[in-house]
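FYI, side chains are in, hydrogens and waters are out, and symmetry mates aren't considered; it's all heavy atoms of this structure.
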Protein chains: 2
Amino acid sequence: MGDATQGLQERLAMIIASTPPGDRLPSEPELARKLGVSRASLREAMRFFETQGVIHRRPRAGTYVMQPPAVIETGLEVLESIDTLASRIGLSVSMGDVSIQKRVSSPEEASALGIQEGTKVIDIRRSILTQKKAVAYLIDIVPEGVISDEEMRGFQGSVLDLLLRRGSPPLQSSRCEINVVQANRELAKIFGIQRGDGLLMFKAWLYTVSGQVIDYSFSYFLPGYFRFHVVRRVGQVFSPTPNLST
Amino acid sequence: MGDATQGLQERLAMIIASTPPGDRLPSEPELARKLGVSRASLREAMRFFETQGVIHRRPRAGTYVMQPPAVIETGLEVLESIDTLASRIGLSVSMGDVSIQKRVSSPEEASALGIQEGTKVIDIRRSILTQKKAVAYLIDIVPEGVISDEEMRGFQGSVLDLLLRRGSPPLQSSRCEINVVQANRELAKIFGIQRGDGLLMFKAWLYTVSGQVIDYSFSYFLPGYFRFHVVRRVGQVFSPTPNLST
DNA sequence: CGTTTTTAATTTGTCAGACAATTGACGTTT
DNA sequence: AAACGTCAATTGTCTGACAAATTAAAAACG
């Protein structure tokens, strides 16, 4: 994307975020004037958010901010922290040792986060315990600067919850890849299992509304303790229902 | 989206699909001329595909078609058969041995399908091969009568595709549970792996629009060959400005 | 002839201005 | 009060243009 595009998307994201869901955005000429760009460039940026389902454009009527889903579904469709999930499915959990360190990013991490290789990142690792037994192990990689030193010191729960509570930058969605990995020595020790035993792994990219990855995470789950499910619709995805609040 | 936009995106998608990955697309003026639209409209459509990660635009160098991942990748939001998925991404898979038998249902199956215990069910098992190596093993349990003997004889692909093609009863959605299991002797033999090795497992209930479970299935996947992902939406209203009206 | 430098064409990013078609609010009429 | 016509507003689309950097061709040089 272009140089100015990044900034434009970010500023447009803020305007969208500060518009109550269901409300109409200012007209395109007005927005373009306010953002200091041409209407063509603005429309391209808006197409980005339209593709993501954040806004809905109705010809000759205006552009509306989409209403986020009203009901909280159980399952993977809605992003929630493991802590929230665990307590909801009746697991009384506690947090094991937390490891927080600032270090330079690996090439893979830099690529995932869309940052320069070698830029510093914050590496947060923690385990989730139930009855003194680890059932989940979570690794969060966030670019330096996203979380301040003060926030890091007072860190108690999940990175996601911290970002949600803080409210900025506004979060959009998480792309979560599902996989199975064999426990290496480190993971086997953490979970108290044999090396090579299967673990459920989620690799996730957390996106802000401006399309930037703000958190790159690995979550390992001991089989049997969590039950993730997803509702898969039959048919095509295209043409999402407007779902506008009047 | 506009009237012509849908058609434009479709035609542009065909051009992108027919361009070898890694190759450069024709320049924007040329594409616009070929598609009979203005450059501005073309660029909006291209932004759509850029958002989806299908193409990559490099300023002053050209627009390139992204290399699709080598592994089978699909979002879980939409239900489709492994066969359809494979053909859609151009992967050559074949079907291994198919086992179809009619037998009485187990208590668990009867409960899942909402039928009387002991009612007969059809048990369909098959493996998916790529280069003579099993990468998936699928078990479908459907109530007797859902699939006729004739349909069973001519069975070639997936149960889901059969039901979709038939059109009746109309299908609604599938609830899919994600888990990790250790390969037992049977699965280890099928996949050519060690007993105890981890396998990704989907346990799914396929619902008709009338809410009845028409298919209860177990799908086992060899790690590394499939990449399932799901987009998780942030479940929190992101409106920093409280909506004081209403 | 091979290598390096210069030049020109190419390509995306962006802008300004314009027109069409339809909507939705407003005023008017019945 | 309800139905109707009017008109400003809004998105969709088009044309034409320029800037900046890349890329390939051409030219210069040894």
Item to check | Euclidean distance, atom CZ of residue Arg43(A) to atom C1' of dT14(C) [Å, nearest integer] | outcome: 15 Å

Checklist outcome for this item: Rounded to whole Å, the CD-P distance (Glu44(A) to dT12(C)) equals 12 Å

Checklist entry - Atom CG of Leu25(A) and atom C1' of dA9(D): how far apart are they, to the nearest Å? => result 16 Å

Checklist entry - In whole angstrom, what separates Leu31(A)'s CG from dC15(C)'s C1'? => result 17 Å

Next on the checklist: How many whole angstroms separate atom CZ of Arg47(A) from atom C1' of dG12(D)?
Outcome noted: 10 Å

Next on the checklist: Just the rounded figure in Å: distance from P of dG13(C) to CD of Gln9(A).
Outcome noted: 12 Å

Checklist entry - Does the pair Tyr137(A) and Ile128(A) meet the rule for a side-chain contact (heavy atoms from CB on, under 4.5 Å), with working shown? => result CA-CA 6 Å; Tyr137(A) 186 62; Ile128(A) 302 286; over 6 Å; no

Item to check | Rounded interatomic separation in angstrom, taking CZ from Arg57(B) and C1' from dT22(D) | outcome: 17 Å

Item to check | Residue from Ile16(A), Leu12(A), Thr19(A) passing side-chain contact (heavy atoms from CB on, under 4.5 Å) with Ile55(A) | outcome: Ile16(A)

Checklist entry - Can you find a heavy atom in the side chain of Tyr220(A) that is under 4.5 Å from one in the side chain of Val181(A)? => result yes

Next on the checklist: Side-chain N or O of Thr63(B) versus OP1/OP2 of dT11(C): is the shortest distance under 4.0 Å?
Outcome noted: no

Checklist entry - Taking OP1 and OP2 of dG13(C), is either one under 4.0 Å from a side-chain nitrogen or oxygen of Ser41(A)? => result no

Next on the checklist: Assess whether a salt bridge exists between Glu177(B) and Arg175(B), defined as any Lys/Arg side-chain N lying under 4.0 Å from an Asp/Glu carboxylate O.
Outcome noted: yes

Checklist entry - CG/Leu187(A) to CD/Gln182(A) distance, rounded to the nearest 0.5 angstrom? => result 11.5 Å

Checklist outcome for this item: Between CZ of Arg33(B) and P of dC14(D) the distance, given in whole Å, is 15 Å

Checklist entry - Going by the angle between their ring planes, with limits at 30° and 60°, are Tyr216(A) and Trp205(A) parallel, tilted or perpendicular? => result tilted

Checklist entry - Phe226(B) vs Phe228(B) aromatic rings, parallel, tilted or perpendicular, using cut-offs 30° and 60°? => result parallel

Checklist entry - For the side chain of Val37(A), counting heavy atoms from C-beta on, which of dC15(C), dT11(C), dC14(D) is nearest? => result dC15(C)

Item to check | Residue met sooner reading DNA chain C from 5', once Leu42(A) and Gly62(B) are mapped to nucleotides | outcome: Gly62(B)

Next on the checklist: Output one letter per nucleotide in nucleotides 18-26 of chain C: B when a protein non-hydrogen atom lies under 4.0 Å from the base, S when only the sugar-phosphate is that close, - when neither is.
Outcome noted: B--BBSS--

